[in-house]
Amino acid sequence: MTTCPICQAAEGRPRHRVRGYTILACPRCTGWYLREQAAPGEAYAAGYLQRGRAGADTRGYFDYEADRALRLRNFARNLAVLEEFGAAGSLCDVGCASGHFLAAARASGRYDALAGVDVSEAAVAAVRAQVGCPAWAGSITELPAPRRFDVLTMWETIEHIPRPVEALAAARAWLRPGGLLAVGTGDNASPLARLLGRRWWYLVPPDHCVYFNRAALATALARAGFRAVGWRRIAMHWVSAADAAMKVLRSFDVAPERALALAGRVRGAALPIVHGTTLVALARPAEPVP
């Protein structure tokens with residue numbers, strides 16, 4: 001029997017069935033998770049960041065690098081959230097992909113040391129070459145902390161991790177005492193997620209294997225030894241029309257080859273998508289019990 005990876009409750013009830021995967025809903029913490037787990041590394045194989053070029057699947061991104069300008073624009077909002085909580089100094093981005101957020105953080109002038117972590121060797125190589133900062137390939141649960149940072153960010157990353165509480169607990173070793181952790185992810189309790197049901201674009205198994213809302217994320221943070229100090233919501237993102245089309249067509253079970261071909265016809269256009277489904281938790285390590 002599968003237990004909830006957030007609170008360890010007994011197997012939840014089936015909520016959605018998406019592309020052969022059963023998404024279970026936990027009645028205790030209200031998070032969702034997959035009953036069937038993919039083989040390690042499967043989610044990031046075969047061009048995860050460039051599905052439009054790989055042409056094999058519609059999981060991941062149509063062309064992550066082509067959307068760099070849009071991502072830098074979006075990350076300005078993330079940086080503004082961090083600034084509200086006095087973030088500055090050294091920063092490590094967990095799940096950094098090819099380093100777009102790190103580039104935005106450098107341009108902000110608030111951070112004197114930057115670093116990144118990603119499970120993709122190719123992404124880490126891109127960070128080192130394009131951003132020029134240290135980056136490590138692997139899981140934060142397995143890598144030794146190279147130092148303690150003032151800020152640790154996990155943007156659209158926690159949903160990819162089968163054991164999120166373990167990953168958050170490992171993050172404490174990467175943060176200085178009193179440091180700031182920011183975790184951004186989709187909100188399964190948002191009005192749009194509820195309206196779309198199994199068509200919600202965030203339901204991308206096996207890439208996304210755990211789904212959160214405020215209660216579920218607060219539970220995960222507390223179990224990992226953090227105390228939430230604030231919550232924010234990012235309501236709008238700029239996205240390429242190709243990426244948006246790919247995700248919409250995927251949600252309606254259009255065959256990958258056809259979805260990618262149709263998405264490729266609208267390359268170059270950008271769309272402001274108001275969705276209100278991205279939840280951001282700000283947390284600090286809890287003080288040890290005397």
Side-chain angles (χ1 to χ4, degrees), residues 41 43-44 48-49 61 64-65 67-69 71-161 163-185 220-221 224-226 229-230 232 234 280-285:
Y44 307 98
Y48 178 78
L49 295 179
Y61 301 90
Y64 191 88
E65 285 305 312
D67 296 343
R68 184 177 189 275
R71 297 190 186 286
L72 291 176
R73 188 172 184 177
N74 291 332
F75 281 137
R77 173 57 179 152
N78 299 55
L79 288 166
V81 170
L82 294 180
E83 188 173 349
E84 285 185 59
F85 291 83
S90 58
L91 179 150
C92 182
D93 187 28
V94 179
C96 60
S98 54
H100 295 172
F101 174 71
L102 290 170
R106 170 167 289 168
S108 75
R110 291 182 60 85
Y111 303 96
D112 53 31
L114 297 169
V117 175
D118 200 277
V119 296
S120 167
E121 292 273 5
V124 165
V127 171
R128 292 169 180 162
Q130 298 173 20
V131 186
C133 68
W136 302 276
S139 167
I140 193 172
T141 60
E142 300 170 351
L143 292 169
R147 59 170 290 181
R148 288 183 178 264
F149 294 90
D150 296 302
V151 184
L152 203 68
T153 55
M154 301 176 78
W155 305 122
E156 312 286 342
T157 296
I158 195 71
E159 65 275 3
H160 291 263
I161 302 175
R163 296 187 298 277
V165 174
E166 182 179 329
L168 291 170
R172 292 189 64 185
W174 292 61
L175 269 178
R176 68 167 177 78
L180 181 69
L181 171 70
V183 182
T185 190
L221 288 166
F226 284 92
V229 295
R232 295 293 183 271
I234 297 177
V280 179
L282 292 305
R284 299 189 189 276

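Positions are given from 1, in the same order as the sequence printed here.
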Test your reading of the model: is there a side-chain donor-acceptor pair from [X] to the backbone of [Y], 3.5 Å cut-off?
| X | Y | value |
| --- | --- | --- |
| Ser139 | Thr141 | yes |
| Asp118 | Ala97 | yes |
| Thr157 | Val94 | yes |
| Arg128 | Ala135 | yes |
| Ser90 | Asp150 | yes |
| Arg172 | Pro285 | no |
| Arg106 | Val131 | yes |

Could you state the interatomic distance from [atom1] ([X]) to [atom2] ([Y]), rounded to the nearest 0.5 Å?
| X | Y | atom1 | atom2 | answer |
| --- | --- | --- | --- | --- |
| Phe101 | Thr153 | CZ | OG1 | 4.5 Å |
| Cys92 | Ile140 | SG | CD1 | 6.5 Å |
| Thr185 | His160 | OG1 | NE2 | 8.0 Å |

Checklist entry - Could you go step by step and tell me if Phe226 and Leu175 meet the side chain to side chain contact (heavy atoms under 4.5 Å, CB included) rule? => result CA-CA 11 Å; Phe226 284 92; Leu175 269 178; 3.8 Å; yes
Next on the checklist: Does atom CZ (Arg148) have a neighbourhood of more than 12 heavy atoms from anything else shown, all under 6.0 Å?
Outcome noted: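 Check passes, neighbour count above 12.
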Nearest non-hydrogen partners of [X] and [Y], listed with the distance:
| X | Y | answer |
| --- | --- | --- |
| Leu221 | Ala281 | CD1-CB, 3.8 Å |
| Leu79 | Ala104 | CD1-O, 3.5 Å |
| Gly138 | Val117 | O-CG1, 3.6 Å |
| Tyr61 | Arg71 | CD2-NH2, 3.2 Å |
| Ala87 | Leu180 | CB-CD2, 4.0 Å |
| Leu102 | Ala115 | CD2-O, 3.3 Å |

Next on the checklist: Pair Glu65, His100 - check side chain to side chain contact (heavy atoms under 4.5 Å, CB included), show working.
Outcome noted: CA-CA 9 Å; Glu65 285 305 312; His100 295 172; 3.4 Å; yes
Checklist entry - Under 30°, 30 to 60°, or over 60°: which ring-plane class applies to Trp174 and Phe149, parallel, tilted or perpendicular? => result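 Because their plane-to-plane angle is under 30°, the rings of Trp174 and Phe149 count as parallel.
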Checklist entry - Going through the checks in order, is the side chain to side chain contact (heavy atoms under 4.5 Å, CB included) test met by Ile158 and Leu168? => result CA-CA 9 Å; Ile158 195 71; Leu168 291 170; 4.0 Å; yes
Next on the checklist: For Leu82 and Leu91: C-alpha separation, side-chain torsions, deciding distance, then whether side chain to side chain contact (heavy atoms under 4.5 Å, CB included) applies.
Outcome noted: CA-CA 11 Å; Leu82 294 180; Leu91 179 150; 4.2 Å; yes
Next on the checklist: So Met154 and Ile161, do their side chains get closer than 4.5 Å, heavy atoms only?
Outcome noted: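 Yes - at least one pair of side-chain heavy atoms lies under 4.5 Å apart.
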